[in-house]
Each structure stands twice: as C-alpha cells, then as structure tokens.
J.: 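Take a look at the following structure, please.
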Amino acid sequence: MDMLAVFRMPRTIHYGRSALERIGEETAHYGSKALIISDEVMSSLGYISNVRDYLATAKVESVTYLGVASEPTDVFVTEALELMEEKSCDVIISIGGGSCIDTAKAVSVLAANGGYIGDYRNRNKTITKAPIAHIAIPTTAGTGSEATDATVITNTANDVKMMIKQPAFMPEVAIVDPLLTISSPKHVTAATGIDALSHAIEAYISRQSQPMTDTLALSAMKLIVDHIEAAYEHGENLDARGAMALGALQAGIAFTNASVCLVHGMSRPIGALFHVPHGYSNAMLLPAVLEFSQEHCRERLADLGRFFVPTKEKVDNQTAADIAVNEVKRLCKELQIPNLRGWGIDERSYESVIKKMALDALDSGSPANNPKVPTRLEIESLYRICFDYNYSTDNVMK
C-alpha cells in the first residue's frame with residue numbers, strides 16, 4: 001500500500017446490550033462531577049435518572065442541562081458551558097441523538113480552550129488544549145456522532161450550519177447500548193437509519209476513502225441493509241436494533257476518517273434554513289445525489305447493490321450499481337421519507353435561498369470529496385430536483 005492515511009476513533013468503546021451500566025465506572029476515571037447534556041425527551045424516558053443513579057453508585061456527582069431542543073445551535077452551547085462553569089463540572093456526558101452529542105463536543109472544547117465555537121471552523125483557530133473528557137451515549141442508530149471528530153453547530157446569527165472538524169472533538173468514550181434505541185419511534189428509526197446508511201455510502205465512495213474505512217463502511221452497509229426494515233417495522237426486535245446500532249457506529253468511524261461528500265454538504269443548509277432534522281435532510285437528498293454521482297463510482301455502488309441481491313446470483317457492475325440506487329429509493333419510499341415539498345417547505349421560500357444553499361454547501365468542503373465534484377449550478381439543479389423528488393424506482397436519472 002503506497003498511501004499515507006490517519007485513522008481516529010474514541011479511546012474506549014463499550015457496545016452491546018446493557019453497556020449503559022458501564023457509565024459510572026468509566027466516568028469516575030475522568031472526573032468527580034459530571035455535566036449531563038441531553039434533552040427533555042431523554043429525561044421523560046427515564047434515561048437521565050438511570051445515568052445519574054449509575055454515577056451516584058460510582059460516587060460521581062452530576063448536573064443536568066436539558067436545553068437541547070432541536071438541531072444544535074450556538075445558543076445551546078453557550079447555555080451548557082455557562083452551567084458547567086457555574087457548577088464546576090470536570091467531565092461531560094451526552095445522552096441522546098446527534099444534537100445532544102454535538103452540543104457536548106463543542107462544550108468540551110470551549111471549556112478548555114475558550115472563544116466562540118465558530119472560531120474553530122476551517123481550522124481558523126487550532127485547538128491547543130486537551131478538551132474536557134466527554135463520554136457520548138447515543139440513543140438512536142444513526143448519526144454516529146459518538147465516534148466522530150466533528151461537530152455541526154448552527155450559527156443563529158446567520159443561519160449557517162457550521163461543520164467544525166478537529167481531532168479534539170472526538171469523544172473520549174462511546175457507550176453504544178441498543179436497549180436505548182428501542183424507544184425511538186418509527187419515523188426516527190427511519191430517518192436515522194437512512195442517515196447511517198448515507199454515512200457508510202459516502203465514506204465508501206469518498207475521494208478520501210482508505211482501506212480501514214472501506215472495511216467498516218462495507219460492514220455498516222451490510223448491517224443496515226439487512227436490518228433497517230425489521231427495526232422500523234418491529235421496534236422491539238433487539239437483534240435488528242443491535243445490528244443497526246453497530247452499523248451506525250461503524251459508519252460513524254468510517255466517515256470521520258474518510259469524510260462525507262455531497263449529500264452532507266447539501267443537507268446542512270437545508271437544516272439551518274428550514275429546520276429539517278439532519279437525518280431527514282440526508283435521506284431526502286441521498287437517492288438523487290447517488291444518481292448524479294453514479295457514473296463516477298459505479299464499481300463502489302455495485303458493491304452496495306450486491307448486498308440486495310441473493311448470493312447465488314451474479315450481476316455486472318452496471319446492473320449492481322443500478323440496483324443500489326433503486327434499492328435506496330425503495331427504502332426511502334418504504335420508510336415513508338418525504339421529499340422537501342412533502343415536509344412542508346414553501347416552494348417560493350425554498351427557491352429564494354437555493355443560491356445561498358449551494359454556496360454554503362460548497363463552502364463546507366464536503367462536495368469536493370464527492371466522486372463527481374459538482375459545480376454551483378449543478379448543486380442548484382439538484383436542490384430543485386430534490387424538492388419534488390419521486391422515490392419510485394422507475395425514474396432513475398441517466
């Protein structure tokens with residue numbers, strides 16, 4: 001192998017049923033007073049009280065911030081940071097979806113390095129001090145944020161979703177317990193599941209892919225393809241939930257090292273301007289972007305397509321790549337992913353910001369990793385296609 005690559009992941013990962021029980025002993029390694037960053041839903045499900053009980057058994061005090069109410073914003077970061085400093089917390093725990101985990105990542109870095117979170121975008125400011133230890137506990141099988149060195153925070157002053165990536169954002173510990181995902185309703189299971197699939201696919205087709213990420217991306221795609229519909233239809237199916245949790249974790253590790261591509265670049269502006277949750281916006285974009293990219297990554301998409309084909313059948317790369325695109329579209333349809341119009345976005349409002357969204361997407365850097373690097377005009381065209389996108393498998397773009 002003649003390439004030079006870097007591979008990062010959390011120092012420790014606990015995964016499997018009842019992994020949450022490890023939270024007390026793990027936290028005690030890093031501090032004596034934890035700030036738990038989460039939301040009201042996690043509290044109502046009893047997850048916060050469970051965590052606090054495990055911490056108390058390990059003689060770790062805890063304070064809770066439950067203000068994460070949507071996609072993460074700089075306001076949530078400021079509020080949680082102020083609480084952490086006021087209560088003199090020395091370790092951070094996040095529990096919830098990607099919004100809770102991303103908020104905690106920003107707090108862990110700012111608590112040690114100061115400044116505004118946007119200062120660290122595009123490495124305009126380098127993180128020089130070790131962040132406060134952060135233990136991430138996902139409750140959805142989707143974002144993979146528990147194993148990535150990036151955070152996405154909306155700047156509320158200009159409605160820009162800031163993708164900020166530096167090694168210091170990587171959580172110290174990830175605790176992945178599929179029992180926590182049983183509470184996810186069907187629509188969340190669908191959106192986060194397709195989100196995880198998009199992470200695995202983009203890591204695999206990225207211009208920055210490498211052998212280590214390929215291995216994890218392929219495994220993640222197989223796990224998700226085989227189990228996403230069972231997890232959606234039968235949320236109590238622990239085997240399916242466990243496979244999805246592992247697939248999302250593997251996809252997260254893969255894309256943090258190989259980077260994401262055009263789907264994510266286009267997704268962030270939609271989330272910032274129209275408040276569409278990240279998992280949904282990725283899912284809404286994925287089929288059309290795959291069609292746009294297909295001719296430039298046919299062999300890799302063929303590998304995905306063959307996961308949908310009975311093992312005894314042999315298909316050529318073109319056929320397998322077509323199967324991949326059509327099956328992703330079918331999954332979106334079966335899992336009731338709406339298009340942008342179906343989400344309720346006003347067409348005039350959407351059209352008025354397409355140019356801004358395209359520029360913001362390009363500015364994120366992610367489209368440059370795509371197999372087919374798009375122009376601004378091509379991104380604008382894709383935004384228009386996705387607004388009324390039809391997931392029917394008979395409208396593959398050529």
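Along the sequence shown, the residues carry numbers beginning at 1.
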J.: I'd like to know whether I379 forms a side-chain contact (heavy atoms from CB on, under 4.5 Å) with L362, so could you lay out the CA-CA distance, the side-chain angles of the two residues, the decisive distance to 0.1 Å, and finally the verdict.
T.: CA-CA 9 Å; I379 294 178; L362 286 170; 3.6 Å; yes
J.: Which pair of heavy atoms, one from V176 and one from A19, lies closest together, and at what distance?
T.: O-CB, 3.9 Å
J.: Are any side-chain N or O atoms of N124 and backbone N or O atoms of Y120, one a donor and one an acceptor, separated by less than 3.5 Å?
T.: no
J.: Crowded around E25 CD? As in, over 12 foreign heavy atoms under 6.0 Å?
T.: yes
J.: Would a line drawn from the ring center of Y389 to the ring center of F387 be shorter than 6.0 Å?
T.: no
J.: If every non-hydrogen atom of L20 is compared with every non-hydrogen atom of Y54, which pair is closest and at what distance?
T.: O-CD1, 3.9 Å
J.: Heavy atoms only: give me the nearest R121-V160 pair and the separation to one decimal.
T.: NH1-CG1, 3.9 Å
J.: Take S267 and N282, measure what side chain to side chain donor-acceptor pair (under 3.5 Å) needs, and give me the verdict at the end.
T.: CA-CA 6 Å; S267 173; N282 276 352; 2.9 Å; yes
J.: Spell out, as yes or no, whether a donor-acceptor pair under 3.5 Å connects the side chain of T256 to the backbone of G252.
T.: no
J.: Ignoring hydrogens and geometry, is there a side-chain-to-backbone donor-acceptor pair from R52 to S62 under 3.5 Å?
T.: yes
J.: Would you say that E86 contacts M84 through its side chain, given a criterion of any heavy-atom pair below 4.5 Å between the two side chains?
T.: no
J.: With no hydrogens and no angle check, is any side-chain donor or acceptor of K165 less than 3.5 Å from a backbone partner on N122?
T.: no
J.: Would Q294 and D322 satisfy side chain to side chain donor-acceptor pair (under 3.5 Å), going step by step from the backbone distance to the final call?
T.: CA-CA 8 Å; Q294 181 175 352; D322 286 341; 2.7 Å; yes
J.: Provide the closest heavy-atom pair for D316 versus R306 in the form atom of the first, atom of the second, distance.
T.: C-NH2, 3.6 Å
J.: Quick one, L301 and I323 - any side-chain contact, counting heavy atoms below 4.5 Å?
T.: no
J.: Would you please test L197 and I201 for side-chain contact (heavy atoms from CB on, under 4.5 Å) and show each step?
T.: CA-CA 6 Å; L197 182 60; I201 293 172; 3.8 Å; yes
J.: Is any NZ, NE, NH1 or NH2 atom of the basic residue among E380 and K356 found under 4.0 Å from an Asp or Glu carboxylate oxygen of the other?
T.: no
J.: Whether R330 and E327 form a salt bridge (side-chain N of Lys/Arg under 4.0 Å from carboxylate O of Asp/Glu) is what I want to check.
T.: yes
J.: Between I153 and K161, is the side-chain contact (heavy atoms from CB on, under 4.5 Å) condition met? List the steps.
T.: CA-CA 6 Å; I153 304 293; K161 263 193 171 185; over 6 Å; no
J.: Show me the side-chain donor-acceptor pairs of residues 125-139 shorter than 3.5 Å, one per line, residues at least two apart or across chains.
T.:
{"residue": "H134", "atom": "NE2", "partner": "S94", "partner atom": "OG", "Å": "2.7"}
{"residue": "T139", "atom": "OG1", "partner": "G96", "partner atom": "O", "Å": "3.4"}

J.: Would you find a donor on one side and an acceptor on the other, under 3.5 Å apart, between the side chain of H227 and the backbone of L223?
T.: yes
J.: Could you tell me whether D239 and R17 have a side-chain N and a carboxylate O separated by less than 4.0 Å?
T.: yes
J.: For atom NZ of K87, decide whether the heavy atoms of other residues, nucleotides or ligands shown that lie under 6.0 angstrom number more than 12.
T.: no
J.: A side-chain contact here means heavy atoms from C-beta on lying under 4.5 Å apart; do R241 and S184 qualify?
T.: yes
J.: Give a yes-or-no answer on whether the side chains of D177 and Y15 include a donor-acceptor pair shorter than 3.5 Å.
T.: no
J.: So does I270 get a backbone contact from the side chain of Y350, meaning a donor-acceptor N/O pair under 3.5 Å?
T.: no
J.: Give me the ring orientation class for H199 and H278: parallel if the planes are under 30° apart, tilted from 30 to 60°, perpendicular past 60°.
T.: parallel
J.: Does K372 come within less than 4.0 Å of E295, counting only side-chain N to carboxylate O?
T.: no
J.: With the threshold set at 4.0 Å, does a side-chain nitrogen-carboxylate oxygen contact exist between D388 and R341?
T.: yes
J.: Give the table of side-chain donor-acceptor pairs shorter than 3.5 Å for residues 97-106, with sequence neighbours excluded, one pair per line with atom names and distance.
T.:
{"residue": "S99", "atom": "OG", "partner": "S70", "partner atom": "O", "Å": "3.2"}
{"residue": "D102", "atom": "OD1", "partner": "S145", "partner atom": "OG", "Å": "2.6"}
{"residue": "D102", "atom": "OD2", "partner": "V152", "partner atom": "N", "Å": "3.1"}
{"residue": "T103", "atom": "OG1", "partner": "S99", "partner atom": "O", "Å": "2.8"}
{"residue": "K105", "atom": "NZ", "partner": "S145", "partner atom": "O", "Å": "2.8"}
{"residue": "K105", "atom": "NZ", "partner": "S145", "partner atom": "OG", "Å": "3.1"}
{"residue": "K105", "atom": "NZ", "partner": "T148", "partner atom": "O", "Å": "2.9"}
{"residue": "K105", "atom": "NZ", "partner": "T148", "partner atom": "OG1", "Å": "2.6"}
{"residue": "K105", "atom": "NZ", "partner": "A150", "partner atom": "O", "Å": "2.7"}

J.: Within the supplied structure, the quantity of interest is the number of heavy atoms (other residues, nucleotides, ligands) at a distance under 6.0 Å from F307 CZ; does it exceed 12?
T.: yes
J.: Verify, without hydrogens or angle tests, whether S219 (side chain) and T215 (backbone) share a donor-acceptor contact under 3.5 angstrom.
T.: no
J.: Counting only N and O atoms by type, is there a donor-acceptor contact under 3.5 Å from the side chain of N257 to the main-chain atoms of R8?
T.: yes
J.: For side chain to side chain donor-acceptor pair (under 3.5 Å), just list the numbers for R268 and S366, CA-CA rounded to whole Å, side-chain angles, deciding distance to a tenth of an Å, and then say yes or no.
T.: CA-CA 10 Å; R268 297 184 197 106; S366 298; 3.2 Å; yes
J.: Going through the checks in order, is the side-chain contact (heavy atoms from CB on, under 4.5 Å) test met by E26 and E172?
T.: CA-CA 10 Å; E26 270 295 349; E172 191 77 8; over 6 Å; no
J.: Counting heavy atoms not belonging to R298, are there more than 12 under 6.0 Å from its CZ?
T.: yes
J.: N317 and E299: which non-hydrogen atoms are nearest, and at how many Å?
T.: ND2-CG, 3.5 Å
J.: In terms of side-chain geometry, is the basic nitrogen of K186 or E233 positioned less than 4.0 Å from the acidic oxygen of its partner?
T.: yes
J.: Is a donor on one side and an acceptor on the other found under 3.5 Å between the side chain of E71 and the backbone of P277?
T.: no
J.: Report the C-alpha distance between E79 and Y65 in whole Å, list the side-chain angles of each, state the deciding distance to 0.1 Å, and finish with yes or no for side chain to side chain donor-acceptor pair (under 3.5 Å).
T.: CA-CA 8 Å; E79 291 175 349; Y65 172 77; 2.6 Å; yes
J.: To check you understand the geometry: which heavy-atom pair defines the closest contact between V109 and A168, and what is its length?
T.: CG2-O, 4.0 Å
J.: Donor-acceptor check, side chain of T189 to backbone of P185, threshold 3.5 angstrom: yes or no?
T.: yes
